[in-house]
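Here is the structure we will look at.
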There are 2 protein chains.
Amino acid sequence: MSKTTINPPPNRGPLVSVKITDVAALAGVAPMTVSRVLNTPDRVSELTAARVRAAIDQLGYVPNLIAGGLSSRRSRMIAAIVPTIASPMFNEPVQTFTALMGEAGYHVMLALSGYTPGGEDRLVRAILARRPDGLLLTGAHHSAAIRALLADARVPVVEIWDTAEHPTDVLVGFDHAELGAAVAEFFIAGGHTHFAVLSARDPRAAARGTGFVARIRQHGLTVVAERVLNAPSSIEDGRQGLRDIVASLAPRTALFGSSDMVAFGALIEARKLGISSPGQLAVCGFGDFEISRSTEPPFTTVRVDGAAIGRIAAEQLLARINGAATPGRVLLPFEIIPRSST
Amino acid sequence: MSKTTINPPPNRGPLVSVKITDVAALAGVAPMTVSRVLNTPDRVSELTAARVRAAIDQLGYVPNLIAGGLSSRRSRMIAAIVPTIASPMFNEPVQTFTALMGEAGYHVMLALSGYTPGGEDRLVRAILARRPDGLLLTGAHHSAAIRALLADARVPVVEIWDTAEHPTDVLVGFDHAELGAAVAEFFIAGGHTHFAVLSARDPRAAARGTGFVARIRQHGLTVVAERVLNAPSSIEDGRQGLRDIVASLAPRTALFGSSDMVAFGALIEARKLGISSPGQLAVCGFGDFEISRSTEPPFTTVRVDGAAIGRIAAEQLLARINGAATPGRVLLPFEIIPRSST
DNA sequence: GCGTGCGATGTTATCGATATCATAATTCGG
DNA sequence: CCGAATTATGATATCGATAACATCGCACGC
């Protein structure tokens with residue numbers, strides 16, 4: 001459909017590397033003064049600062065943060081670990097967090113842990129080798145090895161998107177089991193008596209599913225099907241999931257999907273199979289992804305304020321970095337958004 | 001719907017910071033030997049290596065890459081700049097690239113430039129301050145300031161997802177204009193005579209749209225509507241786009257959307273408005289996102305092998321870092337995947 | 001008119017690792 | 001068995017910035 005082309009590489013000019021002493025020499029000041037112009041401009045007279053800035057521009061000086069970091073023992077870098085960016089789930093918190101930390105002078109290094117257990121261990125070691133000034137972790141349940149590493153490293157840590165009795169440091173999340181239970185109550189209030197759940201193979205999705213099922217059983221009602229899907233789960237996983245459980249469905253069943261992708265897949269497959277929604281199959285997703293809102297008809301989901309999580313995480317982490325005592329745990333609310341699928 | 005809770009923070013233990021000299025002392029060797037065990041194990045006898053490894057484990061030593069980087073003048077870090085992770089567009093290349101560079105011993109620092117022009121400038125400066133060993137840029141058209149910075153920095157650069165006559169260093173991408181033209185030909189071959197395009201406000205989406213329109217005009221055929229959307233564009237943008245142009249549509253129109261999100265939105269809105277597809281409105285998206293495949297019915301799109309771009313970018317960049325001469329330009333093919341919407 | 005204090009700048013030591021060169025231990029062919 | 005090549009390890013200097021302390025000059029108050 002199109003060609004593959006290969007051209008030769010261009011040549012490059014001579015190697016140059018401007019350092020702080022070069023700038024200092026040109027501006028006729030000590031290197032320390034250049035450093036002050038860049039880091040604590042208030043402590044330099046406006047006159048010299050101008051001379052130094054001129055020299056910086058003239059030479060195209062770009063400070064070396066590696067050297068600066070070694071000397072000051074501050075990397076001005078934050079590492080953020082999320083399971084994946086292939087799902088819209090973590091976009092909001094990560095983007096907000098990154099933007100706010102950026103304003104505060106920190107770069108955020110994003111790392112993907114995947115959903116394979118143990119993938120996190122190597123990653124955390126590798127990341128700590130860069131001496132981040134802070135850490136953002138997705139999830140609050142980590143291996144003993146990681147806990148030990150983090151404790152030794154003395155790095156401020158904020159855990160998001162989860163809850164735990166004793167967070168490593170600061171936690172900003174919500175209670176997944178309670179959320180599942182709330183979805184159960186929502187369905188029950190709608191008169192449902194038969195339920196199903198499709199959950200990704202991921203600890204937090206599992207917690208939502210467990211909370212859902214537990215509450216239903218508390219009410220003495222029936223869970224007709226429960227199925228575990230890939231993580232992160234795709235639309236196709238949701239479709240396949242529905243095909244797998246279709247034989248078990250009651251004439252009127254309420255389905256909880258662990259993400260909006262799953263719920264959307266289930267809805268598509270139901271429509272294809274001639275199962276009406278919400279009549280025969282009520283569906284609730286999770287995440288309030290755009291697809292839940294903008295598809296036709298839009299479907300019911302649970303919204304968590306991802307931007308708020310990112311913002312509070314940034315605030316808490318900055319407070320922690322600056323040595324302030326901060327609350328150990330911030331649990332945020334969630335909200336069921338009823339739409340046409342229930 | 002749920003509560004907000006705040007608990008006090010936990011206390012932390014004493015501060016420790018193990019360094020290479022501590023490990024060396026415990027193992028009874030010189031620091032340099034510890035360094036060799038970690039970086040060039042072949043050059044150390046198995047016996048001493050074992051002793052050193054034992055000491056490392058016992059002390060929980062995590063090497064300081066900041067110090068190592070200053071000394072060796074290699075950061076073992078690659079910076080990757082993409083416009084956004086809110087769209088599935090760049091997932092495949094980025095994930096593949098990150099995984100491969102990771103295997104080669106490099107960490108990838110992901111940075112988001114957004115679609116605002118000029119956002120890239122500050123970002124590149126900030127990133128160069130960390131002295132990355134290589135750079136991955138999305139897009140091949142940069143400001144003069146950036147070009148100068150990159151040239152001075154002498155960093156290997158690979159540009160992806162675009163084409164340009166004279167790439168900064170290495171380029172791995174495809175020709176967006178040609179892609180748009182191919183979609184035009186595809187529609188024309190299907191007997192279409194009236195066309196519309198919805199394109200995101202982003203240089204590469206614009207190139208696809210322009211290529212599409214140009215080819216249609218070459219054939220003397222009619223473009224009934226042309227509209228620019230937000231970048232990155234959402235399903236809702238696609239829906240709104242279709243509403244905006246619906247009055248201009250011919251009884252049988254072929255629509256090219258700059259991404260599958262746009263195409264999906266247009267299809268949803270068309271269905272809602274009672275416009276049949278492909279009968280009255282044929283639609284082709286771009287990206288082969290999951291939604292194009294897994295929705296019902298699936299719709300036509302153009303696929304680019306994102307994983308291949310990521311892989312080749314990693315290979316080329318590694319070759320560049322290791323001083324090899326590499327091709328300046330690799331253009332990859334694309335493929336139109338006909339489905340039920342055309 | 002002179003000490004005091006403060007703002008502006010400079011000097012020196014250091015951050016924690018690795019490049020490079022030097023040296024000790026070992027192997028091996030003839 | 002011996003000297004040269006090879007392997008394993010150590011000593012020293014250095015990467016480029018900043019923390020901490022020192023110094024200088026000037027304004028200001030009494």
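Values below: all heavy atoms of this structure, side chains included; hydrogens, waters and symmetry mates excluded. Protein chains get the first letters and strands the later ones, always in sequence-line order, with residue 1 at the start of each.
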> Between atom CE in M32(B) and atom C1' in dA19(C), what is the gap in whole Å?
Replying inline: 7 Å
> More 5' along DNA chain D: L47(B) or K19(A), using each one's nearest nucleotide?
Replying inline: L47(B)
> Can you find a side-chain donor-acceptor pair between R130(A) and H107(B) that sits under 3.5 Å?
Replying inline: yes
>> I need the residues from residues 54-77 of chain A with at least one non-hydrogen atom less than 4.0 Å from DNA chain C; give them sorted by number, or say none.
In response: L70(A), S71(A), R73(A)
>> One thing to verify: whether E46(A) and R53(A) come together as a salt bridge, which I'm taking to mean a side-chain N less than 4.0 angstrom from a carboxylate O.
In response: yes
> With no hydrogens and no angle check, is any side-chain donor or acceptor of D202(A) less than 3.5 Å from a backbone partner on A231(A)?
Replying inline: no
>> Whole angstroms only, please: what is the CG-P distance between D42(A) and dC6(C)?
In response: 17 Å
> At under 4.0 Å between heavy atoms, what does A30(B) touch on the DNA or RNA strands: base, sugar-phosphate, or nothing?
Replying inline: sugar-phosphate
> Would you say the side chains of E159(A) and H141(A) form a donor-acceptor pair under 3.5 Å?
Replying inline: no
>> Reading DNA chain D from 5' to 3', where do the contacts with chain A start and stop? Cut-off is 4.0 Å to heavy atoms.
In response: dG16(D) to dA20(D)
>> Using only atom types and a distance under 3.5 Å, with no angle test, would you say the side chain of D22(A) pairs donor to acceptor with the backbone of K19(A)?
In response: yes
> Looking for any heavy atom pair under 4.0 Å, which part of the strands does V34(A) touch: base, sugar-phosphate only, or nothing?
Replying inline: nothing
>> Distance check needed: dA8(C) C1' versus R43(A) CZ, whole Å only.
In response: 11 Å
> Nearest-Å distance, CD1 (I20(B)) to P (dA19(C))?
Replying inline: 11 Å
>> Please tell me whether S87(A) and T84(A) have a donor and an acceptor in their side chains that are separated by less than 3.5 angstrom.
In response: no
> Does any donor atom in the side chain of S143(A) or E120(A) lie under 3.5 Å from an acceptor atom in the other side chain?
Replying inline: no
>> Quick one about T163(A) and R329(A) (side-chain donor to acceptor, distance below 3.5 Å, no hydrogens or angles considered), yes or no?
In response: yes
> Taking NZ, NE, NH1 and NH2 as the nitrogens, is one of them in D169(A) or R320(A) under 4.0 Å from a carboxylate oxygen of the other?
Replying inline: yes
>> Under the side-chain contact (heavy atoms from CB on, under 4.5 Å) test against S113(A), which residue among V82(A), I81(A), L137(A), D121(A) passes?
In response: I81(A)
>> Could you report the tightest heavy-atom contact between S75(B) and R131(B), atom names first, then the distance?
In response: OG-O, 2.7 Å
>> Let me test you: for the helix from dG1(C)-dC30(D) to dG30(C)-dC1(D), what is the angle between the axes at its two ends (five pairs each), rounded to 10 degrees?
In response: 30°
>> Rounded to whole Å, how long is the line connecting atom CD of E46(A) with atom P of dG7(C)?
In response: 17 Å
>> For a quick test of reading the model: is some side-chain N or O of T21(B) closer than 4.0 Å to OP1 or OP2 of dA17(C)?
In response: no
